[in-house]
Amino acid sequence: MTSSTAPTARAAARRTPRILILGGGYVGLYTAIRLRKQLGRKDAAIVVVDPRSYMTYQPFLPEAAAGSIEPRHVVASHRRELRGSTVINGRVTAIQHGKRAVQVTPSVGEAYWVRYDHLVVSLGSVARTLPIPGLAEVGMGFKQVEEAFALRNQVLGLLDEASSVWDPEVRKRMLTFTFVGGGFAGIEALGEIEDMARSATKDFDSIDRDDLRFVLIEATPRILPELGEELGGYALEQLRNRGIELKLSTFLNSCVDGHVVLSTGEEYDCDTIVWTAGVKANPVLQQSDLPLDKMGRVTCDAHLRVVDEEGNVVEGAWAAGDCAAVPDLAKGDGAFCAPTAQHAVRQSKHLGDNIVRDIAGQETTPYVHANLGTVASLGLGKGVAQIFGVKLRGPLAWFMHRTYHLWAMPTLERKVRIVLDWTTALLFRREPVALGGVQTPRAEFVAAAAPAPSRDDVPQPPELSATH
């Protein structure tokens, strides 16, 4: 590494090649693990750059938000799992592959450049937002464990607050929850949170299940399009039977200060707006000299090597996952691999093997993977799935959803912890407790340190009338 403010010409070749992995998500973590299993420290130096010190397994975020899984159990520590590799916590802010250098900006201190011999671009994706008035101020994402934990606290916290509010309009606003986006992330988050919230009303004397209002806004006429029309229609019917309002072929026009305005003209007030309407490739790729497609993804061949517009291989550059346009050889006809955890996990292992082959001077192999199926949870004990062409519904589909993602979760320790969470949930109810104070941990201390009010300022209750 160097602390210079701009990259210079590449230094003389190192005795030990450095493999720089940008992003510590599915692809970054699994690729680093695969490489280290086959390459000793003398064979290669492996460096992983990510703003966070852990990988989040996103398919389990809905269950973490609902309290079925401990939030800490859906993440894997980089430093624990990547022993023998170097972990740098910072944001990638520029990539100059022509000079074999990447700029990293830590949370504290100045940016610096890291040099490499092989580059793995696995920066993943970010939420694809739209310039909707009010969205940036009141909306919530659902891609990180912090967001899942915050959503859980907000929903349960609003139940607590609404139970002690007299104004019916304020209560109605507090107990209305809006989800935007009918893909996997939106439907699974909605299903789990709705399940949890309605179950939590059992502990309230002043709130009934029917007092809660859940609204899904989807721009297309369907939900879960990856599952096909039949299973998507089944999921639609199940959600409607649970009292969830589904606004299909509808756009969110505005949500300033929580006042929701839809393209149909409908308006209502809401304190919780969750945005899950798609993703896009990490925008930092625009600050690079790597070839990109029209969607901002790094262009690749089936060997997971970066290629230019003419198909020429860019030496020393590799990519996979959501930020890479990887040809899907199983489908053909110019299709690209979908941005799913299934592809990311398998691509990363294949990528690690290909880099080892390349370093050894051997031929790399193309990535080919036929989709095993698709699974989705609709809440506790509810789901839809299509596996090897077989369509499943209800508890069996939900069980297959859990089974697949448990298998894909990295490390044996995390698998065991998740199974223990599920086992405990079979014996006891989920704990519907809001820990909203974690977002403002100093509030109580600041209040205690404030000057005490004068006795003259103590408010007095009104005088009782004769009718009382």
Hey, does [Y] have a side-chain heavy atom less than 4.5 Å from the side chain of [X]?
{"X": "Thr56", "Y": "Lys143", "value": "no"}
{"X": "Val120", "Y": "Leu20", "value": "no"}
{"X": "Trp318", "Y": "Leu119", "value": "no"}
{"X": "Trp398", "Y": "Lys382", "value": "no"}
{"X": "Glu63", "Y": "Glu192", "value": "yes"}
{"X": "Thr176", "Y": "Thr272", "value": "no"}

- Candidate pair Ile33 and Leu82, rule side chain to side chain contact (heavy atoms under 4.5 Å, CB included), full reasoning: CA-CA 6 Å; Ile33 292 175; Leu82 299 177; 3.7 Å; yes
Atom of [X], atom of [Y] and distance for their closest heavy-atom approach:
{"X": "Gly181", "Y": "Thr276", "answer": "O-OG1, 3.5 Å"}
{"X": "Cys323", "Y": "Leu123", "answer": "SG-N, 3.5 Å"}
{"X": "Ala197", "Y": "Leu159", "answer": "O-CD1, 4.1 Å"}
{"X": "Asp271", "Y": "Arg173", "answer": "OD1-NE, 2.6 Å"}
{"X": "Phe184", "Y": "Val375", "answer": "CE2-O, 3.5 Å"}
{"X": "Val49", "Y": "Val92", "answer": "CG1-CG2, 3.9 Å"}

I'd like to check the side-chain hydrogen bond (donor to acceptor under 3.5 Å, both in side chains) partners of [X]; sequence neighbours left out, ordered by chain and number.
{"X": "Tyr30", "answer": "none"}
{"X": "Thr201", "answer": "none"}
{"X": "Thr31", "answer": "none"}
{"X": "Asp353", "answer": "Arg34, Gln38"}

Are a donor atom and an acceptor atom from the side chains of [X] and [Y] found within less than 3.5 Å of each other?
{"X": "Asn354", "Y": "Thr364", "result": "no"}
{"X": "Gln103", "Y": "Thr93", "result": "yes"}
{"X": "Gln347", "Y": "His369", "result": "no"}
{"X": "Ser85", "Y": "His78", "result": "no"}
{"X": "Tyr268", "Y": "Thr178", "result": "yes"}
{"X": "His73", "Y": "Asp421", "result": "yes"}
{"X": "Thr374", "Y": "Gln386", "result": "no"}

[X] side chain vs [Y] backbone, donor-acceptor pair below 3.5 Å:
{"X": "Trp275", "Y": "Arg128", "answer": "yes"}
{"X": "Asn153", "Y": "Ala150", "answer": "no"}
{"X": "Asp50", "Y": "Arg52", "answer": "yes"}
{"X": "Asp195", "Y": "Leu380", "answer": "yes"}
{"X": "Gln154", "Y": "Phe149", "answer": "no"}

- Query: What distance separates Lys202 NZ from Ile207 CD1, expressed to the nearest 0.5 Å?
  - Reply: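 Those atoms lie 15.0 Å apart.
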- Hey, could you give me each pair passing ring-ring contact (aromatic ring centres under 6.0 Å, His included) that has a residue in residues 186-222? Not counting sequence neighbours.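 Qualifying pairs, neighbours excluded: Phe177-Phe214.
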- Summary of side-chain hydrogen bond (donor to acceptor under 3.5 Å, both in side chains) pairs that have at least one residue in residues 156-165, sequence neighbours excluded: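 Every pair satisfying side-chain hydrogen bond (donor to acceptor under 3.5 Å, both in side chains) with a residue in residues 156-165: there are none.
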- Task: Quick one: do Val306 and Val313 satisfy side chain to side chain contact (heavy atoms under 4.5 Å, CB included)? Show the steps, please.
- Result: CA-CA 6 Å; Val306 177; Val313 174; over 6 Å; no
- salt bridge (Lys or Arg N to Asp or Glu O under 4.0 Å) between Arg305 and Glu315: does it pass, once the steps are laid out? CA-CA 8 Å; Arg305 300 171 298 194; Glu315 291 297 329; over 6 Å; no
Holding to side chain to side chain contact (heavy atoms under 4.5 Å, CB included), I want the full list of residues that pass it with [X], two or more places apart in sequence or in another chain.
{"X": "Thr424", "answer": "Phe428"}
{"X": "Phe399", "answer": "Thr403"}
{"X": "Thr411", "answer": "Glu81, Glu413, Arg414"}
{"X": "Leu392", "answer": "Ala385, Ile387, Val390, Leu396, Ala397, Met400"}

- Do Arg79 and Tyr54 meet the cation-pi criteria used here (NZ or CZ under 6.0 Å from the six-membered ring centre, within 45° of the axis)?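 Judged by the rule, Arg79 and Tyr54 form no cation-pi pair.
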- Please test Glu218 against Lys247 for side chain to side chain contact (heavy atoms under 4.5 Å, CB included), starting from the C-alpha separation and ending with a verdict. CA-CA 6 Å; Glu218 168 55 38; Lys247 312 290 185 181; over 6 Å; no
- side chain to side chain contact (heavy atoms under 4.5 Å, CB included) assessment of Glu188 paired with Leu378: CA-CA 6 Å; Glu188 291 188 343; Leu378 301 178; over 6 Å; no
- Task: Look at atom CG of Asp167 and say whether more than 12 heavy atoms of other residues, nucleotides or ligands are closer to it than 6.0 Å.
- Result: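 For Asp167, atom CG is crowded (more than 12 foreign heavy atoms under 6.0 Å).
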- Query: With a 6.0 Å cut-off on ring centres, are Phe179 and Phe142 close enough?
  - Reply: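 No, they do not, as the ring centres are separated by 6.0 Å or more.
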- Task: Kindly state whether the ring of His303 and the ring of Tyr367 have centres lying under 6.0 angstrom apart.
- Result: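 No, they do not, as the ring centres are separated by 6.0 Å or more.
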- Please walk me through it: do Asp322 and Lys280 pass salt bridge (Lys or Arg N to Asp or Glu O under 4.0 Å)? CA-CA 8 Å; Asp322 293 1; Lys280 62 181 179 181; over 6 Å; no
- Task: Quick one: do Glu363 and Arg357 satisfy salt bridge (Lys or Arg N to Asp or Glu O under 4.0 Å)? Show the steps, please.
- Result: CA-CA 6 Å; Glu363 290 292 325; Arg357 292 189 184 99; over 6 Å; no
Run the side-chain donor-acceptor check on residues 229-240: report pairs under 3.5 Å with partners two or more places apart or on a different chain.
unit_1: Glu230; atom_1: OE1; unit_2: Lys391; atom_2: NZ; d: 2.8
unit_1: Glu230; atom_1: OE2; unit_2: Arg393; atom_2: NH2; d: 2.4

- Matching residue for His118 among Leu35, Ile19, Ile46, Ile21 - test: side-chain contact (heavy atoms from CB on, under 4.5 Å):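 So the option named by the test is Ile19.
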Could you give the side-chain donor-acceptor pairs of residues 64-71 under 3.5 Å, partners two or more places apart or in another chain?
unit_1: Ser68; atom_1: OG; unit_2: Arg430; atom_2: NH1; d: 3.4
unit_1: Glu70; atom_1: OE2; unit_2: Arg72; atom_2: NE; d: 3.3

